[in-house]
There are 4 protein chains.
Amino acid sequence: MALTTEQRVRRAAVKLFASKGFHGTGIRDLAQEAGISSASLYHYMGTKEELLAGIMRECLDRLLLGAREATDGVDDPRLRLTHLVALHVLAHASRPAETRVVDNEVHALSAATRRRIVALRDEYESLWADAIDDGLRQRAFATAEPAVTRLALLEMCSGVARWYSARGPLGLDRLAGHYAGLALRMLGSTGDVSPKALDDALRVVSTVWRNTR
Amino acid sequence: MALTTEQRVRRAAVKLFASKGFHGTGIRDLAQEAGISSASLYHYMGTKEELLAGIMRECLDRLLLGAREATDGVDDPRLRLTHLVALHVLAHASRPAETRVVDNEVHALSAATRRRIVALRDEYESLWADAIDDGLRQRAFATAEPAVTRLALLEMCSGVARWYSARGPLGLDRLAGHYAGLALRMLGSTGDVSPKALDDALRVVSTVWRNTR
Amino acid sequence: MALTTEQRVRRAAVKLFASKGFHGTGIRDLAQEAGISSASLYHYMGTKEELLAGIMRECLDRLLLGAREATDGVDDPRLRLTHLVALHVLAHASRPAETRVVDNEVHALSAATRRRIVALRDEYESLWADAIDDGLRQRAFATAEPAVTRLALLEMCSGVARWYSARGPLGLDRLAGHYAGLALRMLGSTGDVSPKALDDALRVVSTVWRNTR
Amino acid sequence: MALTTEQRVRRAAVKLFASKGFHGTGIRDLAQEAGISSASLYHYMGTKEELLAGIMRECLDRLLLGAREATDGVDDPRLRLTHLVALHVLAHASRPAETRVVDNEVHALSAATRRRIVALRDEYESLWADAIDDGLRQRAFATAEPAVTRLALLEMCSGVARWYSARGPLGLDRLAGHYAGLALRMLGSTGDVSPKALDDALRVVSTVWRNTR
DNA sequence: GATGAATGAGATTTCATTCAT
DNA sequence: GATGAATGAAATCTCATTCAT
C-alpha cells in the first residue's frame, strides 16, 4: 500500500530533523523531501513545531507502551532489565532517525510542549529505575551508584541510534542480546541470564516491538 | 584577570550552541550573550561556522592530546583503558557544553570542515580501539563484539555531558572512578584494578587534564 | 495587456542598474520600483547577480541575432557595415538602459558569468571585424589601423546610449543614417552609399530589429 | 621619490573605482590597496564620496586646462580640432583609470557635487562645440548634424580609455594621430592636415599634456 | 486538495565612519 | 600619524506562514 501524503510528510520530517536538526531544516526542505509544495504542507501539519512535537510524542508513546507491555508481569529484575534494554536497543537501532530527534531536539520545543515531552521521558525512565531498584533490593544487582549507572545505561543504549546501521554485519537480535549482556555486567548481575532465557526474552521483546503501533 | 572580549565571545558561543543548537542560535543571541553589538562580533570571529569549527577543533585537540599523554607508556591495557575512560569522563563532566557541541553539531559543518573534525574524532577513537584490542590479545578483556563494545563505551561516557551537574552530590573523581569500573565490567576484565591503582590513575589523569591547554 | 510581475521586475532592474549601477542599486530599490516587497522579489529572480546576467544575456543575444540576420547574404562590405552600424545605433538609441547596463556593469559579474557574457560580445564584434576585413580586401575601405578603427566605431556607436533621447528633435532613422555616414567616412569608403540604398538599408534593419525577440 | 601616503590613497581609489566601480569598492578594499588600515584612510581623505569627487575634479581640471592651452591662439579650426582630439586621446590612453571613473561614476555623486562636475564637463565640451562651429562657418567642415557629430566624436575618443593598452603594439602618438584623422574624416574636413602639420600638432599637444599638472 | 504568490520578520554579514589610545 | 575596537545602518537573502484561486 502506498504511503499517504501525511505519512510522507512525517517521514520527511523525521529524516531531515534527524540529519540536519530542527532549526537546520527549512519548510521548503520538508516540502521537497515530501514531494509536495510548501503551501500544501500545511494541509497535513500544524506549525513546524507541532510537527516536531508530534514526532516526539509518538516515538516516546510507542517506547513507553512497549516497555510497559514488555515488563508487565515480569518479576525477575534481571529479566525485566533485559527486556527494557532489548526493547530500547531495538527501537533505537530500527528507527534511529526518530529516536535521535527525540534525544537531540528537545531544546527546540516551546516550554509548555517541552514539559510534556520531558514528562513522558521521565515516566519511561522510571521503569528502568524501578527495575534497577528491585534488583538491588533483591541483591540481583550490585552497583555503588544506582542513579549514575542507570544514566550510563540509558546513554549507552540510546547511543545505538547514532552509529548502528542495518546494512552492517550485525543483526538486530545479536545487537540487542549483546547490549543486554553489557547491561547486566554493568549492574554487577549475580548469575547470568541463560542463553535460552535470553533467546526467549529477545523473541518476546521483538514481538512486542513489532506489535506496538 | 578579566576575560578578553574574544574569550567572552567563545564562551557565549559554547553556551548557546550547547543549549539551543548551532542553527537555533542567532548572531544577535551571541552578541547579546557576549555583551557587544552584533557587528562587533565580527572583529573576533570569521563566520559563525568558523566559530563553531574553532570550538570543536580546540575541544577535540585537547581531548586527543590529553588522551595521548595519559596513555603514553602505559602498557597494561586495563590501566590504559581506565585512563581513557577517566579522562573522557572528566572532560565531559567538567566541560559539558563544549563536548555536547562537538557531539551534536557536526551536521552543521560544511563538508570540508566536517571531514577534518571527523578525522580528529576518528584518531581519538582509535586510541580506544587500540587499548581494547591489546586487552583482548592479552586476555585481559573478554567481549564477543569488540567494536560494538567500544561504541557502547564511548556513548556511555560521552553521555555524561548530557546529565552530570557539578552542583550535584557526586564529585568528579568518584564519577570517573565509577565509570572506569563500569567500563572494565563491560569489557569482562579479568581481575579488577585495585582501589589504590584506581586512585593513582585518577590522580594522574586529573593532572594531565588540568595541564592540557 | 498589463505587464506581468516578472516583466516589472526586469524593467525595474534595467532602469535602476542603468541609472545607479548594479552595486548602487539595492534590493529594496528594486522592490519599490517593481511595486512589490523585497521578499517577493525572490519569486521572480534568483540572486541579484543572476538578474543582471539575465538582462545582459538577453540584450546581447538580441543584438547578435539581429546582426546575423541583418548581414546574412549581404555581400557588399559597405552595405554590410551600414547594416551593422544602423542596427547597433537603433538598438542603443531605442533601449539605452539595457545597453548601458551591458556596457558598464560587466565588472559586477562573477568570473564564470563574465566569461560567458564577454564571449557573446566577442562573437558580436567579430561580425564587425569580418565586414571591415572584407571591405579592406576588396578595397572598398581604406584605413591604416583596422583594429583601432573598429574599436573607435564601436565605441562611437555604443555612445549613443549615453546621450540620445527619443524626446529630442532627431528621429531614430535619421540618427542611424547619420551614423552610417560617419562610419563610412571613418573607413575611407570609396564611393558613397546612394541615398536610396541607405533608405533601403534602414528599412531592412528597422524591420529586423523590430522582429528580433 | 617615493609616493606620499596621500598619493597612494588617491591611486588606490582610482584603480579600484575604475575596475570595480565606486559602490563596488569598499573602504577596506581601498585601505588594503593603499597599504594602510581603514581607520588611517581618514587621515588622508574626507568621506569616500569626497575622494571620488576630488579625483573627478582633478581629472577634468587637467583636461580643461590642457585643452585651453592647446587651443589658445590656434585659429585654424582643423588644427584646433586636431589638438582637441589628440589631447583627449592622449589623456584617455595614458590615464585610462581616471578617465573611466569620470565617465562612469557620475551617478554616484550627490546632487550638488554632480552639478559641479557636470558643469566642468560641459565647459570642456564647449571647446569642442566652438571648434566645430567655427569650422562649419568657415566651410572647413561639412556635417549635417553638428551636435550629433560632436557627441559621436567625444564618445569615440573617450572610448579609448576602455580598450587601449600601453603594452600593445600601438604608440600613443600613432594612436592620437590616427584618431585625429578619423575625426577630420567624420567632420568632412576639406583638405587634409599635412603629415608635417600633424606631427607638429602632436608634438605641441604632447608637451602641453606633459606640462599640465 | 493543491499551489503560486505574497510578505513581515529575521537571518548572516558588510558597510562607512568614529574614537580612544 | 596610526590603528584596533566599536557600532548603527544597511546589505542580500531566507524564514515560516497565509491566502486567493
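Lettering of chains follows the sequences in order, A, B, ..., and the numbering in each one begins at 1. Note: hydrogens, waters and symmetry copies are ignored here, and every other heavy atom, side chains too, is used.
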Contact list for DNA chain F against residues 22-29 of chain A - heavy-atom distance below 4.0 Å: A/T25, A/G26, A/I27, A/R28
Just by distance, do the side chain of C/H92 and the backbone of C/S158 share a donor-acceptor pair under 3.5 Å? no
Taking B/D29 for the side chain and B/G26 for the main chain, is one N or O donor matched with an acceptor at less than 3.5 Å? yes
Tell me whether D/T25 contacts the main-chain N or O of D/L16 through its side chain, where contact means a donor paired with an acceptor under 3.5 Å. yes
Output the rounded distance in Å from CG (D/L16) to P (E/dC15). 13 Å
Just by modelled atom types, is the A/A108 backbone N or O under 3.5 Å from a matching donor or acceptor in the A/E49 side chain? no
Expected output: side-chain D/K48 to main-chain D/H23 donor-acceptor under 3.5 Å: no
Can a donor-acceptor pair be found, under 3.5 Å and without considering hydrogens, that links the side chain of D/K20 to the backbone of D/K15? no
N/O donor-acceptor pair under 3.5 Å between B/T99 side chain and B/A161 backbone: no
Length of the CG-P vector between C/L41 and F/dC15, whole Å: 16 Å
I need the residues from residues 42-55 of chain D with at least one non-hydrogen atom less than 4.0 Å from DNA chain F; give them sorted by number, or say none. D/H43, D/Y44
Polar side-chain atom of C/R162 near backbone of C/R100 as donor-acceptor pair, under 3.5 Å: no
Does A/S37 have a side-chain nitrogen or oxygen under 4.0 Å from the phosphate oxygens OP1 or OP2 of E/dA2? no
Under a cut-off of 3.5 Å for both distances of each Watson-Crick or G-U pair, what dot-bracket string does DNA chain E give, using [ ] for crossing pairs and | for inter-strand pairs? .||||||||||||||||||||
Do B/R10 and B/E58 meet the salt-bridge criterion of a basic N to acidic O distance under 4.0 Å? yes
Quick check against the 3.5 Å criterion: does C/E33 have a side-chain atom that pairs as donor or acceptor with the backbone of C/A13? no
Just the rounded figure in Å: distance from P of F/dA11 to CG of C/L30. 11 Å
So, the side chain of C/E105 versus the backbone of C/F22: is there a donor-acceptor pair under 3.5 Å, distance only? yes
Under 4.0 Å between a side-chain N/O of D/S40 and OP1 or OP2 of F/dT3, yes or no? yes
Rounded to whole Å, how long is the line connecting atom CD of C/Q32 with atom P of F/dT12? 14 Å
Between C/I36 and A/T5, who's closer to the 5' end of DNA chain E by nearest nucleotide? A/T5
